[in-house]
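See below for the structure under consideration.
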Amino acid sequence: MTNSTSTGHNADDSIISIEDLSFSYDIGKTNTLRNISLKIPEGRVTSFIGPSGCGKSTLLRCLNRMNDLVETSRITGGRIEILGQDINAPDVDVIELRKHVGMLFQKYNPFPKSIYENVAYGLRVQGVRRMDILDQAVEESLRKAALWLEVKDRLDASALELSGGQQQRLCIARTIAVKPRIILMDEPCSALDPIATARIEELISELQDDFTIVIVTHNMQQAARVSDQTAFFYLGELVEYADTTTIFGNPKAKQTEDYISGRFG
Amino acid sequence: MANKFQSKERRLFGVGIQGWIKGFFSGNAGVSMGVIFLIFLFLVFEAVRFFPDHHRELKLVRRTGQEYVDFLRREARGYQEISSYTNQAYFQELDARFGVQRGLVDGFEVLQGMIEDGAEPEIEALAEARDVSDPVALRAAEKRYWGRVGEIVDSAERSSVDSFGRLSTEESAWQSLLQAARRYDAVEEETPDLILAAEARTESGMAEFRKAKTMISSAGSDLKNLRDRLVRIASATRKDAETDYSLGMRKKALLEGSGKLDGKAREEQIAEAEALKVLDQFPFEVRVQPIIDSHDEHQKAVEHLKEQLKKGIAALPTEFSSEASKKLVMKIREAEPAYLEALDQSLEEASEWTWNEEVNWSSSVSRFFLGKEWKTASGGWRQLYGFLPLFTGSVTISMIALCFALPFSIGAAIYVNQLSSRWERSFMKPAIEMIQAIPSIVLGFFGIMVLGNMLVEYSDSPWVSWLPGFPITQRLNMLNAGMLLALMAIPTIFTLCEDALNNVPRSFSEASLALGASRFQTVQRVVVPAAISGILAAVLLGLGRIIGETMVVLLVAGNRIAMPDWGDGLGIITQPSHTMTGIIAQEMGEVSEGTLHYRALFLIGLVLFVVSLLINLSAQKLTKRLGAHV
């Protein structure tokens with residue numbers, strides 16, 4: 001196995017740096033992630049691919065510490081630095097971390113509130129009360145999420161009345177309203193039809209200018225279409241990490257090649 | 001051609017095994033539903049017949065003149081209240097101004113009694129010796145007597161004599177009282193000067209107040225006498241009318257029954273029936289006449305009462321040494337105009353009253369649902385079935401219980417479901433649900449023996465005595481019952497609430513946390529709003545449990561059937577009360593079937609049933625809404 005950290009970029013512009021990370025959901029049992037090292041460059045789209053159970057989602061959830069919700073889980077080795085800060089250091093406030101590292105989930109999950117309140121939520125919990133600031137942020141975020149034109153006349157309608165694709169784009173708007181540096185996407189299109197998927201993918205390329213995006217996907221074509229770098233995981237280990245064109249055109253590891261060509265997975 | 005797919009199932013009476021199994025289960029469901037329906041029918045059937053019976057009772061009360069007498073009773077009751085306040089005020093003031101004098105007088109009386117009891121042989125001997133006038137014997141007897149008196153006075157230490165503690169700070173008065181007692185000659189029975197002086201001082205100091213008090217307490221004597229006379233007349237009329245009615249019923253039954261008999265037996269039964277003296281029509285008109293005739297006397301008595309009362313109240317002092325007395329007199333002065341007005345109104349109503357006016361059917365209903373008094377036949381004068389105090393009691397206790405149960409149960413549910421660690425959850429949830437396992441009779445026992453005593457004991461501490469209704473004087477009250485009912489409702493509300501929170505998709509809280517919200521913000525802004533209809537349903541079901549609970553309220557609520565004294569404001573929570581459930585449990589055992597009382601209890605049962613039904617239905621509606629929106 002070749003643990004490659006070469007990405008074609010120099011290490012300086014990396015925003016996330018993972019060093020020798022091991023992680024277990026149930027301490028004392030087997031590690032779900034083993035000795036993973038990779039650097040994710042800023043302002044790019046990086047995709048994590050691999051068969052089910054390979055740990056790609058787990059790694060993603062380590063990046064904003066969503067795994068804290070699983071009481072028994074622990075980082076058993078290594079470290080993760082985001083913007084140069086070890087995110088598991090004792091003096092790190094997970095709430096501050098998550099303001100910088102937003103997340104989009106597999107199944108679109110808007111709150112059972114109005115469209116407006118969904119987008120304003122992140123700012124409201126930060127204590128923003130001024131309506132003009134909120135109004136502006138809501139509009140801006142909805143525009144960036146390419147949803148503004150569809151919903152601008154019914155911001156007070158329930159978010160649950162939107163279609164699936166719209167709901168997922170609302171979730172994107174909700175995430176970017178907080179202005180994170182990084183957006184983690186956990187198979188954001190798996191519950192959507194091809195047309196809605198295409199719109200989300202389009203959106204991802206547009207968002208690339210403002211945010212660093214890490215996306216977990218099952219869909220190799222999607223990884224090929226949207227990402228600049230691709231990391232291939234297998235059984236909790238990072239098998240290969242390189243420019244997307246390299247991974248899909250000229251993979252170094254045999255497993256990568258087998259997976260990409262559809263021989264397993 | 002034979003059916004290729006013929007069933008191979010064994011059949012019994014033409015029905016397959018599957019059919020029998022289905023029948024068994026549907027039968028179970030059907031029986032449960034049928035039982036509910038039958039219970040409801042039974043309740044309705046017994047309960048609605050209350051209204052015609054009640055109507056008959058109200059009619060009887062009017063025909064016998066009891067209704068008229070009730071005017072006088074009400075007038076006298078208000079007057080007695082004022083009179084008793086005056087008495088209390090008088091004695092409070094007396095104590096405050098002439099506490100020492102009263103202490104001397106009372107203390108001397110006690111000492112006197114002790115000497116008379118304790119030195120009986122010596123007193124007799126002394127009296128005899130004085131009669132005989134033998135100087136030697138006299139000296140011996142006197143020596144023995146005075147020695148004995150000294151012993152008694154020495155042994156009668158402060159506590160047993162000065163039981164009110166009036167002299168506890170008056171050392172010199174106390175000493176002179178003892179001195180006077182030592183010199184008291186029980187043969188001559190001469191009251192010592194000290195005591196006479198004390199009495200005289202009290203007498204002159206309180207003369208003004210006492211005059212007012214006497215005026216007030218004698219003001220209503222005419223009215224009370226008239227009332228007592230009319231009560232006797234009306235009661236007798238009622239008794240006779242009832243006897244006549246039941247004889248009539250018996251005669252009717254005998255005559256009807258005789259139709260089924262033949263020959264001699266028939267004749268005998270008819271003869272027996274004919275022998276019963278039944279009046280064709282009970283002469284209410286004649287019997288009620290003395291009551292109608294007394295109206296002038298009634299009017300005069302009321303006028304006299306008003307005049308004397310006004311004079312008496314005006315004569316009450318304006319300067320007080322006792323704060324309590326001042327308050328009482330202020331209360332009297334405040335109550336006076338309202339009472340005088342009520343007197344006029346009552347008198348006016350009485351003058352418009354006629355014995356033969358029809359009784360409205362609606363009053364049969366409204367006197368039940370809006371009546372403020374519940375008095376059953378055993379009370380004597382007349383039966384009153386006013387449902388309002390019971391309803392108020394039930395509702396008040398339920399509200400108290402909810403106030404206590406809500407924060408605890410919802411808070412615990414939020415903590416256990418959202419904030420606790422897995423380890424905490426593993427024992428907290430079962431522990432809270434375990435409360436349900438406590439039998440209600442045990443809770444009631446706890447309420448009487450522990451909680452009630454604690455409330456009384458600690459409620460006058462400065463930490464809590466500012467609360468409305470505190471300090472608590474009665475051990476058994478609505479607050480006590482409400483707190484115990486809260487304990488019973490907590491597991492219900494907690495469990496259902498926890499379920500409702502559990503049903504909120506995890507993705508909601510994940511999304512919120514991922515946006516940088518804290519756990520608490522997530523609970524407050526996302527989880528609880530999403531679960532709100534489930535939480536409300538939980539609260540309603542808890543309320544249903546509380547309102548139907550019987551044992552605890554019967555034991556702990558104090559069982560006083562009266563409207564709460566609203567003057568206490570929120571303090572009514574520490575008053576005792578009776579409840580809808582409690583009254584049924586308490587009185588159902590004593591009533592005979594078919595009586596008005598019996599039907600009144602059934603009617604309460606029906607109201608309870610309907611209230612619970614409504615609560616449960618709305619809870620179901622809410623739960624469905626929750627299901628629809630997630």
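Everything quoted here is computed from the prediction, not taken from an experiment. Per chain, numbering begins at 1; letters A, B, ... match sequence-line order. Only this structure's heavy atoms are used, side chains among them; waters, hydrogens and symmetry mates stay out.
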For the [atom1] atom on [X], are there more than 12 heavy atoms of other groups (residues, nucleotides or ligands in this structure) within a distance under 6.0 Å?
X: B:F37; atom1: CZ; result: no
X: B:F391; atom1: CZ; result: no
X: B:F408; atom1: CZ; result: no
X: B:I36; atom1: CD1; result: no

(request) Below 4.5 Å from any heavy atom of chain B, which atoms of A:P110 appear? Answer side chain, backbone, both or neither. (result)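 Backbone of A:P110 only, per the 4.5 Å heavy-atom cut-off to chain B.
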(message) Heavy-atom cut-off 4.5 Å, strictly under: side chain, backbone, both or neither for A:V94 against chain B?
(response)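 Interface part for A:V94: neither.
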(request) Among residues two or more places apart or on two chains, list those pairs meeting salt bridge (Lys or Arg N to Asp or Glu O under 4.0 Å) that have a residue in residues 105-117 of chain A. (result)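 Applying salt bridge (Lys or Arg N to Asp or Glu O under 4.0 Å) to every pair that reaches into residues 105-117 of chain A, excluding sequence neighbours, yields A:E117-A:R124.
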(request) Mind jotting down which residue pairs meet the side-chain hydrogen bond (donor to acceptor under 3.5 Å, both in side chains) criterion with at least one end in residues 204-216 of chain A? Sequence neighbours excluded, please. (result)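 Residue pairs with at least one partner in residues 204-216 of chain A: A:Q208-A:D228.
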(message) Tell me whether A:N109 contacts the main-chain N or O of B:F508 through its side chain, where contact means a donor paired with an acceptor under 3.5 Å.
(response)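 Checking the backbone N and O of B:F508 against the side chain of A:N109, no donor-acceptor pair under 3.5 Å is found.
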(request) Specify which of B:Q524, B:R422, B:R525, B:R519 makes the most heavy-atom pairs with chain A at under 4.5 Å. (result)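 So the answer, after comparing B:Q524, B:R422, B:R525, B:R519, is B:R525.
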(request) Please assess B:E510 against A:R61 for the test side-chain contact (heavy atoms from CB on, under 4.5 Å), listing each intermediate value before the final yes or no. (result) CA-CA 11 Å; B:E510 277 191 344; A:R61 295 169 75 91; 2.8 Å; yes
(request) Would you name the heavy atoms of A:E71 and B:S420 that are closest together and state the gap between them? (result)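 What the structure gives for the nearest pair is OE2-O, 4.1 Å.
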(request) Below 4.5 Å from any heavy atom of chain A, which atoms of B:S509 appear? Answer side chain, backbone, both or neither. (result)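 Contact with chain A: none, neither part.
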(message) I'd like to check B:L515 versus A:F111 (side-chain heavy atoms, cut-off strictly below 4.5 Å). Are they in contact?
(response)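 Of all side-chain heavy-atom pairs linking A:F111 with B:L515, at least one is under 4.5 Å.
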